[in-house]
Amino acid sequence: MIPGTLDATLFRSVLGHYPTGVALVTSAGEPPAGMVVGTFTSVSLDPPLVGFLPSKASTSWPRIRAGGSFCVNVLGADQREVCLAFTSRDTTRWEVPHHPAPSGAPALSGAIAWIDCDLADETEAGDHWFVTGHVRRFQVQHEGEPLLFLRGEFGAFAPCPAPVLD
């Protein structure tokens, strides 16, 4: 391969070997906006910041950005169908039980946790934006396994057995 060139399909395949959690970013509005991300991360403890990377091609991100705040919902392993509804044009997707987070953005009742944020910054990152949010409130709603995505498949976390010591 010539330095500086990259096979995009191969690059995506290689990176697909790294698992990601699945989250739903929502914002208030009529109707509310929602987008699934697999790039959610903790950024800073002081000040409390989180981040995610929406595609520049996203039609949901401009609506979320315009609101100035958002809620990140950590999806559980039992919420695969919720994820699929929000990655499609499913008109029934907002029928999933939810309540308003302090910002007014939907917090999914069945999500493992929600993190309510004010938009802090948006930086260009290739064909994506790197978005940071200043955390205003958060809550763990129940203990459970997170929904994970690996090599094009959904799954759940399974702990490794403890090592046997002689």
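Treat the numbers as computed from the prediction; the structure is a model and nothing was measured.
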S.K.: Kindly work out whether a path of hydrophobic side-chain contacts (I/L/V/M/F/W/Y, heavy atoms less than 4.5 Å apart) joins V131 to V135.
M.R.: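 Yes, it is one cluster - the side chains of V131 and V135 are joined through contacts under 4.5 Å.
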S.K.: Per the side chain to side chain contact (heavy atoms under 4.5 Å, CB included) rule, which among K56, H128, E122 passes with W61?
M.R.: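 Only one option passes, and that is E122.
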S.K.: Does atom CZ of F138 have more than 12 heavy-atom neighbours from other groups under 6.0 Å away?
M.R.: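 Count not over threshold, so no.
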S.K.: For L108, does its backbone N or O pair with a side-chain atom of Q141 as donor and acceptor, under 3.5 Å?
M.R.: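 Looks like yes, one N/O pair under 3.5 Å.
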S.K.: How many angstroms lie between atom CG of L24 and atom CE of M35, to the nearest 0.5 angstrom?
M.R.: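 Answer rounded to 0.5 Å: 9.5 Å.
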S.K.: Could you tell me if the side chain of W94 sits less than 4.5 Å from the side chain of P106, heavy atoms only?
M.R.: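 P106 vs W94: side chains touch.
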S.K.: Just wondering, do H134 and L49 contact through their side chains at under 4.5 Å, heavy atoms?
M.R.: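 SC-SC contact between L49 and H134 confirmed.
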S.K.: At their closest point, which heavy atom of G34 faces which heavy atom of S60, and how far apart are they?
M.R.: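 The pair with the smallest heavy-atom distance is O-OG, 3.4 Å.
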S.K.: Side chains of P31 and R63: does their closest heavy-atom pair fall under 4.5 Å?
M.R.: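 Heavy-atom side-chain distance check passes, below 4.5 Å.
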S.K.: Taking all atoms of both residues into account, what is the closest heavy-atom pair of S27 and S69, and its distance?
M.R.: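 Taking S27 first and S69 second, the nearest heavy atoms are CB-O, 3.7 Å.
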S.K.: Between T39 and L53, is there a donor-acceptor pair closer than 3.5 Å when you use the side chain of the first and the backbone of the second?
M.R.: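 Yes, the answer is positive, given that a donor and an acceptor are paired below the 3.5 Å cut-off.
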S.K.: Indicate yes or no: does R137 engage D116 in a salt bridge with an N to O separation below 4.0 Å.
M.R.: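 Between D116 and R137 there is no salt bridge, as every charged N stays at least 4.0 Å from the carboxylate O atoms.
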S.K.: Between R93 and S88, what is the shortest heavy-atom contact and its length?
M.R.: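 For R93 and S88, the tightest heavy-atom pair comes out as NH1-O, 3.4 Å.
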S.K.: Establish, yes or no, whether a centroid distance under 6.0 Å links the rings of W129 and F52.
M.R.: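 That pair fails the under 6.0 Å test.
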S.K.: Would V25 end up clustered with V50 when hydrophobic side chains under 4.5 Å apart are linked, directly or stepwise?
M.R.: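 V25 clusters together with V50.
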S.K.: Nearest 0.5 Å, please: how far is CZ in R80 from CG in L75?
M.R.: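 Interatomic distance, L75 CG to R80 CZ, rounded to 0.5 Å: 12.5 Å.
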S.K.: For D90 and T92, indicate whether the former's side chain and the latter's backbone hold a donor-acceptor pair under 3.5 Å.
M.R.: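 The answer is yes, because a donor-acceptor pair under 3.5 Å joins these two groups.
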S.K.: Working to the nearest 0.5 angstrom, can you tell me the gap between I115 CD1 and N73 CG?
M.R.: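 Output value for this atom pair is 8.0 Å.
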S.K.: Specify the closest pair of heavy atoms between S109 and H99, including all atoms of both residues, with the distance to one decimal.
M.R.: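 Here S109 and H99 meet closest at OG-ND1, 3.6 Å.
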S.K.: Looking only at heavy atoms, which two atoms of F70 and G133 are closest? And how far apart?
M.R.: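 That closest heavy-atom pairing would be CZ-CA, 3.6 Å.
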S.K.: Under a 4.5 Å side-chain heavy-atom rule over Ile, Leu, Val, Met, Phe, Trp and Tyr, are W114 and V96 clustered together?
M.R.: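 No; tracing contacts between hydrophobic side chains, which count when under 4.5 Å, never links both residues.
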S.K.: Can you tell me how far the CG atom of L150 sits from the OG1 atom of T20, to the nearest 0.5 Å?
M.R.: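 These two atoms lie 8.0 Å from each other.
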S.K.: Quick one, T26 and P32 - any side-chain contact, counting heavy atoms below 4.5 Å?
M.R.: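 Counting from C-beta outward, T26 and P32 never come under 4.5 Å.
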S.K.: Heavy-atom count around L15 CG within 6.0 Å, excluding the residue itself: above 12?
M.R.: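 Result for CG/L15: enclosed.
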S.K.: Do V37 and F130 share a hydrophobic cluster, counting only Ile, Leu, Val, Met, Phe, Trp and Tyr and linking them when any side-chain heavy atoms are less than 4.5 Å apart?
M.R.: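 No: no chain of side-chain contacts under 4.5 Å links V37 to F130.
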S.K.: Indicate, with yes or no, if L84 and L147 share a hydrophobic cluster defined by side-chain heavy-atom contacts under 4.5 Å among Ile, Leu, Val, Met, Phe, Trp and Tyr.
M.R.: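 Yes, because L147 and L84 connect within a single hydrophobic cluster, where side-chain heavy atoms sit under 4.5 Å apart.
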S.K.: Which atom pair, heavy atoms only, marks the closest approach of V140 to A113?
M.R.: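 In this case the closest contact between V140 and A113 is CA-CB, 4.0 Å.
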